[in-house]
Each structure stands twice: as C-alpha cells, then as structure tokens.
Amino acid sequence: MIQLSTDEFVKLIPGYILDIAERLQENGYHAYLVGGSIRDVLLGKVPDDFDIATNAYPEEVMKVFPKSIPTGAKFGTITVVAEDELGERYEVQLTTYRSEADYVGGRWPSKVEFSRNIEDDLSRRDFTINAMALNLQRFDEKNPPVEELIIDLFGGLLDLNRKLIRAVRDPLERFTEDGLRSVRGCRLASQLGFDIDPKTFQSMKETTHVTKLVSVERFREELMKILMKSPQPSKGLRLLKDAGILDLFIPELLEGVGITQPNFHVDDVFEHTLKTVDAAEDSIKLAALFHDIGKPRTMSIDDAGVHFYGHDVKGAEMTKEIMRRLKYSNSEIDRTVSLVRWHMFYYPSADWRKSEEHLKTDDLGWSDAAIRRLIQNVGGEDAIDDLMKLRLADAAGNAKSDFDPKELGALSERIAEVRSKEMALKVTDLDVTGHDLIDNLSISGPQLGEVLKYLLDKVIEDPGLNKKLDLLRLAKEYLESKK
C-alpha cells in the first residue's frame, strides 16, 4: 500500500507551488494539486510539472496573479510564472474546475462549463489514477492525516496500489470523447509498468475510429514518451499494437509480425525490434525502432534459406516516409535515416571469430579512407558513436547472435585512431571554396557542386590533397576529362 506522511508530501512539492496555493487561499479560493502531478507525488516521485485546479475563474486568477498568461483561458487555464527561493522561474498551470461535453473531432470539447465544485472537475478526467486531488490549503495545518488531504472519488488510490490503468466511469464514453486517451493509457501503462484494466482495454480497441482522428503530432509526442520514459518501451509498443492503434499511425511496423528469421534470429522481425528498442540508449531509440522495418519488403527465399538483401536501403526509405508523415524535424529525420541506412555496415573484424592473429596483423581490413567514408556516410563524428550503439543494441536484441563486443571495440579503436587525424568530411572542410573555383576556372551552377563533390571524394581518400593549389589542379584535370 502507498503510505506517505504529510511531511513526505511536502518534501515532494516545491515551495513555489505551496506559495501559489497560499495566495489563492488568502483571496478566498481553493487550490488542489491534480492530474499526473498528484499521481507522481503519491508514487513518491517528484513530478515533471505541477497542475493546480481552483474554483477561481480565469479572470479571478489573473487578478490574484497580475503577471499571469491566459494560455488557455477559454478552457479555464491560466499560466502563472513562479519563482523558487533561488530566483529560478517556473510555469505553473492553474485551471478552473470545469465540466466538458459535446466533443468534436475526437479530441476537443465544444462545450466547457466552469464550476465551483472540485468533484465536477475530477469527473471529466481520463483515468482513475489521474482523477484525484490533493488539498494544498490544508498543508499549513499541523500534520493532518494524509487520507483527509486527498479527494478520491473513483478509486484511484486503490488502482495505484494495484498498478492498474482504469478509465473513469464508463470507459467507452471516455475514449469516444477523446481519441488521444487510448494512446495516453498505453503510454502510462508502459511508463509506470502498470497493467490496463480489461474493460478499459476492450473499449480502447472499440474506439479506434476516434483515435484515428488524433493529430500525428499528438501521437508522436506520446510515442516519444513511450520510447524515452519507459523502463521497457516494448510494453507500450505492444499495447499500441494489441489495441489496434499502431496500425493507424505506423502500420509498417506490423508487417514484421510473423516474419521469421530462422538463419540468424530467434524472434520474428517485430519481436526482435521490440527487444532492440529495450536494449537501446535514448539517443538511438528511434533508429532501433525502424532499423529492420525494411525486412518484410525485401524478404526472399532460396535453397540457402531466408534472406533480406538490401533491407537497410529499403528501411532508410521507409523510415524517411514514416517520420515525414509523423512530422518529425528534418534534422531528426536525417539523423535517424542515416543510422538505419548504415546499421548493416560490414566490418572485416568479423574475421576475429576465426583467427585472433587477424586482429594482431591486420588493421581489420579498414583503410583510413574507408573509415572516413563510413563517418561521412553516417552523418559525421557524433553519428558514428550512435551507429556503434545501434549495432550493440541490435545484437543485444537477438538471443541467437554470436556477436562479440570485442569486435566492435576493436573497430571503435581503429575509428578513434583515424578521427584523431585531420580529415575533411564535408565540402566546407575543403581548403578551397566555390568562389575560388569560380574565379580560377570560370565555372558555376550545377557544375560547381559536381566539382566540389569530386574534390571531397578525393580528399576523403587522401587527406594530403587538401591544399588549395592541389585542389585547383585536381578540379582543372577533372573538368578537362569531362570535355
């Protein structure tokens, strides 16, 4: 059972939150900690942010806090900027008790009515563990019993102890109102390590027509929370699959269900993907999610077995399409696509399995130029570290793998050796500019870009050529050869 004293509560709630509550109380209003913040406090965690519900209407809140911002006044939400004892500023949302009705577009209530009753506000919330309120104005009393500080109309405390995600009142009604609630329920279960109540989960499956209306941006936000904030993201991803939600937003991932890999893997493509995501560090979670997405579309079978030739190239194409659809930033798309594209890079150090002498006598078969080319292909020196992490996660997600980290360690040392030397990886690293080529060779337009790319290729092969006069000579020779 959850057992926290009032003193323990206070330690988890910053002083600036209690100051806001006190100012509201001084002006005759109530203040309750609500939503995920009270849930986290009850679990003994310091919340990421704090939400306060009050019986003060938006215009009344703004009178109490003149420097507040009406970020969502239509829905009763005012943002108050508060300072802690060190002068650091925080944004705190104060929301008027309200009831909601007549949802449109599977997301937004067209009718919002403010209330002076906290019970009305709690009744509109999604899950029981988010539908409790902590009475902040009673914190100045001398150690009141914790149970008297909490309003719990729907059994949220019991569900916290049972580690259960359960909808408030009728789950079918809750998910018909707001399609994002199903996605959020899967995310909460994954993040907290909870189970979902069977009736609640069944209602999620029956309301995918509403979830389908959710914007891709909101789905993307919840997906990233599953990936980044879950002890095992596979739990949330599997729930999204079983609820029929994954099929709405990333159906390509489901193509891997049942696609077995008998030669080198224990699991099908989908299960291997989930295990790889669990093993991956945060910086490569997305790349881990998509690294094998091209396998189902490249599968072939012959006398030697099942093959997925070119799945890295196809996977990169699919990853770009999916991430564009989900409206990721261009920089995140480029980084993830590059990791997916090059995650199958061949490294001759695999010969280490056959002969330790190979490690002693051969630079793993990698020339300096080959390593520079790999670094350039994957997106630079920072990206090469993530590529190594992805390779390790890929191996960790396969119980049948005979991969030995020593091989990657040896390659990493070889890469570090090359990285310590001066090298050019992009056109701006060249000791010649586009203006130099224009002035000396009278070229422009597409031809200029072509020559710069040629020069970069030459310098990657031989960094010693990265001198202005040598580059101008090479450019001239290249242009003459094209005549």
Side-chain angles (χ1 to χ4, degrees), residues 180 183 187 212-230 233 236-237 240 245-246 248-256 273 276-277 280-295 297-298 310-345 372-391 393-394 419 423-430 433-434 445-446 448-457 460:
L180 187 64
V183 187
R187 187 259 297 172
K212 186 177 182 179
L213 302 175
V214 171
S215 71
V216 293
E217 292 93 341
R218 297 308 299 269
F219 172 79
R220 184 193 66 222
E221 289 174 10
E222 294 297 323
L223 174 65
M224 293 308 295
K225 289 177 182 177
I226 287 174
L227 295 178
M228 300 299 180
K229 295 187 176 183
S230 301
L237 294 168
L240 290 177
I245 298 171
L246 203 57
L248 301 176
F249 296 96
I250 319 179
E252 296 90 340
L253 282 173
L254 300 181
E255 295 175 16
T273 294
T276 302
V277 171
E281 294 184 23
D282 284 353
S283 65
I284 57 162
K285 279 285 200 284
L286 272 175
L289 182 65
F290 296 130
H291 80 287
D292 275 352
I293 202 162
K295 278 189 172 179
R297 299 188 186 182
T298 57
H311 79 270
D312 46 356
V313 177
K314 172 59 71 172
E317 295 173 0
M318 294 172 67
T319 298
K320 178 178 286 189
E321 180 182 337
I322 293 166
M323 293 184 70
R324 281 180 174 173
R325 185 170 72 231
L326 296 180
K327 299 185 179 180
Y328 281 89
S329 68
N330 288 335
S331 60
E332 188 65 38
I333 292 173
D334 291 343
R335 193 180 75 88
T336 305
V337 167
S338 291
L339 290 172
V340 172
R341 168 62 183 89
W342 297 103
H343 82 278
M344 287 298 293
F345 68 91
R372 288 191 294 270
R373 183 73 62 189
L374 175 65
I375 295 172
Q376 181 201 37
N377 286 338
V378 79
E381 295 187 68
D382 291 337
I384 200 71
D385 293 331
D386 283 337
L387 186 64
M388 299 295 114
K389 294 175 185 177
L390 180 58
R391 195 58 167 258
D394 192 8
R419 288 170 68 177
M423 60 180 175
L425 295 175
K426 52 188 182 297
V427 167
T428 53
D429 294 331
L430 294 174
T433 68
L448 179 60
E450 179 185 335
V451 171
L452 285 169
K453 183 179 183 301
Y454 169 77
L455 294 177
L456 179 60
D457 288 340
I460 286 175

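Residues Pro251 and Arg325 share a closest heavy-atom pair of CD-NH2, 3.9 Å. The minimum heavy-atom distance linking Leu430 with Leu452 is given by the pair CD1-O, 3.9 Å. The minimum heavy-atom distance linking Ala288 with Ala280 is given by the pair CB-CB, 3.8 Å. In this structure, Ser283 and Arg335 approach most closely via the heavy-atom pair O-NH2, 2.7 Å.
Taking CZ of Arg341 as the reference point, atom OG1 of Thr336 lies at 15.5 Å (rounded to 0.5 Å). Rounded to the nearest 0.5 Å, atoms CE (Met323) and CG (Asp334) are 9.0 Å apart. Here the CG atom belonging to Leu390 is positioned 11.5 Å from the CG atom belonging to Leu286, to the nearest 0.5 angstrom. Atom OG1 in Thr319 sits 11.0 Å away from atom OH in Tyr328 (nearest 0.5 Å). For the atom pair Leu253 CG and Ile322 CD1, the distance stands at 6.0 Å (nearest 0.5 Å). Atom CD1 in Ile284 sits 11.5 Å away from atom CG in Leu289 (nearest 0.5 Å).
At least one side-chain heavy atom of Leu223 sits under 4.5 Å from a side-chain heavy atom of Ile250. Inter-residue side-chain proximity for Glu222 and Val214 is flagged as unmet; no heavy-atom pair is nearer than 4.5 Å. Taking the side chain as every heavy atom from C-beta outward, Ile293 and Val340 never approach each other to under 4.5 Å. You'll find the side chain of Leu227 reaches within 4.5 Å of the side chain of Met224, heavy atoms only. Counting only heavy atoms from C-beta outward, the side chains of Lys320 and Ile333 approach each other to under 4.5 Å. The shortest side-chain heavy-atom distance between Leu387 and Leu374 falls under the 4.5 Å cut-off.
Residues satisfying the side chain to side chain donor-acceptor pair (under 3.5 Å) test with Thr276, not counting sequence neighbours, are His272. Remark: His311 engages His343 in a ring-ring contact (aromatic ring centres under 6.0 Å, His included) (not counting sequence neighbours). Scored by the salt bridge (charged side-chain N to carboxylate O under 4.0 Å, His left out) test, Glu317 finds Lys314 as partners (sequence neighbours excluded). In this structure, Arg324 has no salt bridge (charged side-chain N to carboxylate O under 4.0 Å, His left out) partners at least two apart in sequence or on a different chain. For Lys212, there are no side chain to side chain donor-acceptor pair (under 3.5 Å) partners two or more places apart in sequence or in a different chain. Checked against side chain to side chain donor-acceptor pair (under 3.5 Å), Asp312 has no partners two or more places apart in sequence or in another chain. By the side chain to side chain contact (heavy atoms under 4.5 Å, CB included) test, Thr428 pairs with Lys426, sequence neighbours left out. Residues satisfying the side chain to side chain contact (heavy atoms under 4.5 Å, CB included) criterion with Asn377, sequence neighbours excluded, are Trp342, Arg373. Every ring-ring contact (aromatic ring centres under 6.0 Å, His included) that Phe219 has, sequence neighbours left out, goes to Phe249. Applying the salt bridge (charged side-chain N to carboxylate O under 4.0 Å, His left out) criterion to Lys285, with sequence neighbours excluded, gives Asp282. Taking Lys229 as the reference, Asp48 meet the salt bridge (charged side-chain N to carboxylate O under 4.0 Å, His left out) condition, with sequence neighbours excluded. With sequence neighbours excluded, the residues satisfying side chain to side chain donor-acceptor pair (under 3.5 Å) with Arg297 are Glu255.
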| Under the salt bridge (charged side-chain N to carboxylate O under 4.0 Å, His left out) criterion, do Asp457 and Lys453 qualify, and how do the steps go? | CA-CA 6 Å; Asp457 288 340; Lys453 183 179 183 301; 3.4 Å; yes
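Asp292 and Thr273 are not linked by any side-chain donor-acceptor pair at a separation below 3.5 angstrom, with hydrogens and angles left out of the test.
For Glu332, the CD atom counts as densely surrounded, since its 6.0 Å shell holds more than 12 non-hydrogen atoms of other residues, nucleotides or ligands.
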